Protein chains: 2
Amino acid sequence: MPDQTKRAPSLGARLADRIRGAIISADVDLGEALSEDALAAAFGVSRTPVREALRLLQTQGLVSVVPKSGTFVFSPSEADIVELCEYRSLLEVKAACLAFERARAETHAALAAALEEMQAAAAADDMKRYGRADMGFHLAFFAQCGNRYLTQAYDMCLGRVSALRTHLAVLSQGEPARSLGDHARMVTLFGGTAAEDLAEILDRHIRRTRENYIEALQGRLRAAAAADPRARLRRKLGVG
Amino acid sequence: MPDQTKRAPSLGARLADRIRGAIISADVDLGEALSEDALAAAFGVSRTPVREALRLLQTQGLVSVVPKSGTFVFSPSEADIVELCEYRSLLEVKAACLAFERARAETHAALAAALEEMQAAAAADDMKRYGRADMGFHLAFFAQCGNRYLTQAYDMCLGRVSALRTHLAVLSQGEPARSLGDHARMVTLFGGTAAEDLAEILDRHIRRTRENYIEALQGRLRAAAAADPRARLRRKLGVG
DNA sequence: ACACAAGAACATGTATCCTAGATGAAAGCC
DNA sequence: GGCTTTCATCTAGGATACATGTTCTTGTGT
């Protein structure tokens, strides 16, 4: 059996990265149709690697390919957001606990560095940079948790979480300060020897992002309903 | 966006099921090479759906495709087994807790039914049937946990867990009785209103399977070393 | 006897072609 | 006018042909 390390990633894998990037950067909308032909033409390759890329993204839940119909960017329902956040929370709480047990010092250093970057980004009012630093903070748990499957599971939903952030994040009042506070408390916990509240802080932190997303989603749905031709017609005709 | 429910599964998906079945049933060995051409010929289809199936299985960790080299059935190391079991345990403990909170009665019924089947299988000395019933027992937690992502994550590693069971399970002395005892205690817990020990029982249960697999893997490695052509040649020639 | 290099054999990667199913609009019927 | 049917068109599914990289073999030179 070959070593399988450091092999050139296939064209399909690279395409998947680019398409994922496009989704996360909000270059394409949630629920939007992605034609294999169009993607192939856009990237200047044949459909075969495009299909491979879309299948990959499908397993990550970023797109859903419907046989004979089309491929569509995922479009979360409110229940999806609730469950995804619950799922993310359980992974992250476990990873944080493992990292605390197994590599407290290393994790503490990584968290502190990420926090510093977050503070710098907040000071510069650069939300994109802040988002990246925030992601780095949470990834530190997984980098140190010592369980590849757990890390992989997080990678699996990372795309969706990132997409939610960019597509739905709305800046609530006083949010950066509260967020920074939570993160700072976690760094402090990792500097000590006991972490009783770690799970609670993390869970509450993620729960807040959940409420944020749901609020934004509802706003989106209202806007979509307002723009829906049939609804507009009904309103215009005064039909309730 | 179409409804995407109840669509005919693609040929690739069906092939993936069959190949996974072959791996789980130990029709092919761990680490064995799977040629796309050979599979295509065996199933009477072209390579395209075979490739799709293998990519699917790759995301489930059942095979690893090495660019330009080949596709190989996964072959766990001891560390893989440790991490996989730790991962499985965390998913299952969480699912069990959620099921307890959200659908105690339904879960209790499902667990009791599965336990009954396990007892019947044990009485009949049908280990294959026992294995299926055991899997059904654990799946009941996920069916009732109310979080699709958690369920999906378990599905993701279910293939590997099943493969480990069939490829590596060795029957330790007094194992069926102890296993049945653990499961019976869990059923009892779900009949009550508090489940303090649930996590501990589950975790210990899974930890025991882990030790079982590791022991079997070490035996396999010893056997493989003994069967290694070079080693055999050296032995035959009396070269030490 | 050994090391090494060239090449055959075989693996997957990619492109292209053809087919079948789904969708939506336009035409025809009631 | 509203409803149904039909057909053009676009989608993905699958087959095949060719390109390219890997690996093992084999033969040669030392």
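Here the structure is a predicted model, which is why all the values come from computation and not from measurement. Below, chain A is the first sequence line, B the second, and so on; all start at residue 1.
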What integer distance in Å separates [X]:[atom1] from [N]:[atom2]?
| X | N | atom1 | atom2 | answer |
| --- | --- | --- | --- | --- |
| A/Leu39 | C/dA15 | CG | P | 14 Å |
| A/Leu56 | C/dG13 | CG | P | 12 Å |
| B/Glu32 | C/dA11 | CD | P | 13 Å |
| B/Leu11 | C/dA20 | CG | P | 15 Å |
| B/Glu52 | D/dG13 | CD | P | 7 Å |
| B/Asp37 | C/dT12 | CG | P | 7 Å |
| A/Leu34 | D/dC10 | CG | P | 18 Å |
| B/Phe72 | C/dC10 | CZ | C1' | 12 Å |

How far apart are the closest heavy atoms of B/Ala103 and B/Gln144, and which atoms are they?
CB-OE1, 3.7 Å
Please give me the minimum heavy-atom distance between B/His167 and B/Arg220, naming the atom from each residue.
O-NH1, 3.7 Å
Go through the N and O atoms of the side chain of [X] and the base of [N], and report whether any donor-acceptor pair is under 3.5 Å.
| X | N | result |
| --- | --- | --- |
| A/Arg51 | D/dG14 | yes |
| A/Arg47 | D/dG13 | yes |
| B/Ser69 | C/dA11 | no |

Side chain of B/Lys68 only, heavy atoms from C-beta on: which candidate in D/dT20, C/dT14, D/dG14 is closest?
D/dT20
Kindly point out which of D/dG13, C/dT14, C/dT12 is positioned nearest to the side chain of A/Ser10?
C/dT14
Check the phosphate of C/dT14 against A/Thr48, side-chain N and O only, distance under 4.0 Å to OP1 or OP2. Yes or no?
no
Using only side-chain N and O atoms of B/Ser35, determine if any of them is under 4.0 Å from OP1 or OP2 of C/dC10.
no
For B/Leu54, answer base if it contacts any base atom (sugar-phosphate contacts may also be present), sugar-phosphate if it contacts only those atoms, and nothing otherwise; contact means non-hydrogen atoms under 4.0 Å.
nothing
Across the strands shown, which category fits B/Leu15 at heavy-atom distances under 4.0 angstrom: base, sugar-phosphate, nothing?
nothing
Would you give the length of the straight line joining atom CZ of A/Arg160 to atom OH of A/Tyr87, rounded to the nearest 0.5 angstrom?
8.0 Å
Could you measure the distance from the CZ atom of B/Arg222 to the CG atom of B/Leu217? Nearest 0.5 Å is fine.
10.0 Å
Any Lys/Arg nitrogen of B/Arg210 or B/Glu86 sitting under 4.0 Å from an Asp/Glu carboxylate oxygen of the other?
no
